[in-house]
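Just so you know, these numbers come straight off a predicted model, no measurement behind them. Both counts, for ligands and for their atoms, begin at 1 and track the order of listing.
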Amino acid sequence: MKKLYTHENRMIIFNLKNVLEDMGIECSVINEFASGGAGDLATFDTWPELWVADNDRFVEAESVLQKIVFDRNEDYWYCTGCQEKNGGAFEFCWKCGRSSE
Ligand SMILES: [Zn+2]
């Protein structure tokens, strides 16, 4: 089991989970009930995480993730931490979690 993605917006996590499960890729959400809302207690550590159960399909799941993230918006930005390409709708790097600011 490998962690695929984490995001403060659990709708994005569950949307992705649905897509992967439609493809027969088994996955589960951890920290499902984390608030992710305002307040000092909402940290990156409590964001919902999407884990892929089948390691053999992780690369496939990762490509689906990128497609979903990048097709969402035509604006891109590059992470200053890991140089990863990110969709404009995202405030944080999908790979390392660094802010786009
Ligand atoms: Zn990054």
Side-chain angles (χ1 to χ4, degrees):
M1 187 139 128
K2 291 174 78 174
K3 184 166 86 171
L4 177 67
Y5 190 53
T6 183
H7 195 275
E8 63 181 332
N9 185 344
R10 56 196 290 279
M11 293 308 294
I12 290 174
I13 295 293
F14 278 93
N15 183 38
L16 189 59
K17 180 175 187 279
N18 287 339
V19 172
L20 292 176
E21 285 182 340
D22 280 351
M23 296 171 63
I25 300 177
E26 199 182 325
C27 48
S28 40
V29 176
I30 293 174
N31 290 337
E32 180 177 345
F33 301 108
S35 71
D40 293 335
L41 294 177
T43 68
F44 187 70
D45 289 337
T46 61
W47 287 6
E49 299 174 351
L50 186 63
W51 289 69
V52 174
D54 188 348
N55 289 352
D56 290 341
R57 301 196 72 180
F58 185 80
V59 172
E60 194 182 342
E62 205 167 35
S63 71
V64 171
L65 164 69
Q66 294 203 30
K67 189 167 188 298
I68 289 176
V69 170
F70 297 150
D71 285 355
R72 188 176 292 271
N73 194 311
E74 289 188 351
D75 295 328
Y76 301 120
W77 56 277
Y78 288 90
C79 177
T80 54
C82 67
Q83 274 71 53
E84 190 64 42
K85 190 179 183 183
N86 288 274
F90 289 82
E91 293 175 39
F92 295 91
C93 174
W94 68 270
K95 194 165 194 181
C96 73
R98 187 179 286 256
S99 169
S100 63
E101 299 300 324

Residues that Tyr78 engages under side-chain contact (heavy atoms from CB on, under 4.5 Å), provided they are two or more places apart: Lys85
Qualifying residues under side-chain hydrogen bond (donor to acceptor under 3.5 Å, both in side chains), relative to Glu26, sequence neighbours excluded: none
Measure the OH-NZ distance between Tyr5 and Lys95 for me, rounded to the nearest 0.5 Å. 13.5 Å
To the nearest 0.5 Å, tell me how far Lys3 NZ sits from Ile30 CD1. 9.0 Å
I'd like to check the side-chain hydrogen bond (donor to acceptor under 3.5 Å, both in side chains) partners of Glu60; sequence neighbours left out, ordered by chain and number. Arg57
For the residue pair Trp47 / Glu49, report whether a side-chain donor-acceptor contact shorter than 3.5 Å exists. no
Protein-derived N, O or S atoms sitting under 2.8 Å away from the Zn ion (ligand 1) total 4
